[in-house]
Amino acid sequence: DDKAPAPEPVRAQQPAPTSAPAPAAVQAPAAAAPAQTVTVAGTTDSTTGFLQRKSFVEELHKRIQQPLKAGVRQIACIAIDKLPSILDQIGPIAIDDFFAQFAAVIRDNLKTGDLAGSVATGQVAALIERPTTRDTEAWAKGLTSRVAAHVFHVADKSVICSCSVGIGM
């Protein structure tokens, strides 16, 4: 067999912002380190930049086999509220741009070491490691606040939305 071995996961640096910073209400806290996402060749969702579902689950299994250094490890499931209404508002062609912007808000709220994957249409799952469950809950509340405060500009329209975050162990 002349098959090459599968590529090893690598850490991808988050690109530097190309525009003016967002208003303080939607910026990630200054204390948060920029998020790095795990990418494996050919396994990231082209719209969100997060791992595709299958790759996310594989990386998740690898990660949970590793001992936790401190704190808690939880899964956050993030879903766009009223997605059919947003789809009606902007149309099926522009929805990918909306998903990409929504993912960027999530990415800005992840910390180094968090693992995120696109798991269904309009849904992202993230493995979050924080010092306490209260910290994870605060992270989720902060994310929902930032999404609600963000104005998405899609197809010459301004879209506001909310999201729901479920947390499990």
J.: Less than 4.5 Å apart, any side-chain heavy atom of Ile78 and any of Leu143?
T.: yes
J.: With rounding to the nearest 0.5 angstrom, report the NE2 to SG distance, His150 to Cys161.
T.: 8.5 Å
J.: Might you point out which heavy atoms bring Phe56 and Gly117 nearest each other, and give the distance in Å?
T.: CD1-N, 3.5 Å
J.: side-chain contact (heavy atoms from CB on, under 4.5 Å) for Phe99 and Thr121? Distances and angles first, verdict last.
T.: CA-CA 9 Å; Phe99 287 152; Thr121 301; 3.8 Å; yes
J.: With a 3.5 Å distance limit and no angle check, can you tell me whether Arg107 reaches the backbone of Thr48 through a side-chain donor-acceptor pair?
T.: yes
J.: What distance separates Ser55 OG from Leu115 CG, expressed to the nearest 0.5 Å?
T.: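 Separation between the atoms: 10.0 Å.
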J.: As a quick check of understanding, evaluate side-chain contact (heavy atoms from CB on, under 4.5 Å) for Trp139 and Asn109, giving each step before the final call.
T.: CA-CA 8 Å; Trp139 173 85; Asn109 287 278; 4.0 Å; yes
J.: Is it the case that the side chains of Thr43 and Gln52 hold a donor-acceptor pair, with the cut-off being a distance below 3.5 Å and no angle test?
T.: no
J.: Which heavy atom of Gln74 sits nearest a heavy atom of Val72, and at what distance?
T.: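 Closest approach of Gln74 to Val72, heavy atoms only: OE1-CG2, 4.0 Å.
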J.: Please identify each residue that fulfils side chain to side chain contact (heavy atoms under 4.5 Å, CB included) with Thr144, with sequence neighbours left out.
T.: Cys163, Val165
J.: Atom CG in Asp45, atom CG in Leu51: separation rounded to 0.5 Å?
T.: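 With rounding to 0.5 Å, CG (Asp45) is 9.5 Å from CG (Leu51).
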J.: Do any side-chain atoms of residues 84-94 form donor-acceptor pairs under 3.5 angstrom with protein atoms, and if so which ones, sequence neighbours left out?
T.:
none

J.: Does atom CD1 of Ile160 have more than 12 heavy-atom neighbours, drawn from other residues, nucleotides or ligands, at distances under 6.0 Å?
T.: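 No, because the 6.0 Å sphere around CD1 of Ile160 holds 12 heavy atoms or fewer from other groups.
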J.: Decide yes or no for Ile128 and Leu110: does some side-chain heavy atom of the first lie under 4.5 Å from some side-chain heavy atom of the second?
T.: yes
J.: Could you tell me the separation between the CG atom of Leu127 and the CZ atom of Arg63, rounded to the nearest 0.5 Å?
T.: 6.0 Å
J.: Among pairs that include at least one residue of residues 130-143, which meet salt bridge (Lys or Arg N to Asp or Glu O under 4.0 Å), considering only residues two or more places apart or in two chains?
T.: Asp114-Arg130
J.: Kindly give the heavy-atom pair with the smallest separation between Leu83 and Gly122, and that separation in Å.
T.: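 In terms of heavy atoms, the two residues are closest at CD2-CA, 4.1 Å.
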J.: Considering residues at least two apart in sequence or located in another chain, which fulfil the salt bridge (Lys or Arg N to Asp or Glu O under 4.0 Å) criterion with Arg73?
T.: Glu129
J.: Write down the atom of Gln123, the atom of Ala79, and the distance for their closest heavy-atom approach.
T.: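 Heavy-atom minimum between the residues: CG-CB, 3.9 Å.
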J.: Would you say that Ile75 contacts Ile167 through its side chain, given a criterion of any heavy-atom pair below 4.5 Å between the two side chains?
T.: no
J.: Among all residues two or more places apart in sequence or in another chain, which pass the ring-ring contact (aromatic ring centres under 6.0 Å, His included) test with Phe98?
T.: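 Once residues adjacent in sequence are excluded, the partners of Phe98 under the ring-ring contact (aromatic ring centres under 6.0 Å, His included) criterion are Phe152.
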J.: Quick one: which residue pairs count as a salt bridge (Lys or Arg N to Asp or Glu O under 4.0 Å) with a foot in residues 157-169, not counting sequence neighbours?
T.: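 Non-adjacent pairs meeting salt bridge (Lys or Arg N to Asp or Glu O under 4.0 Å): zero.
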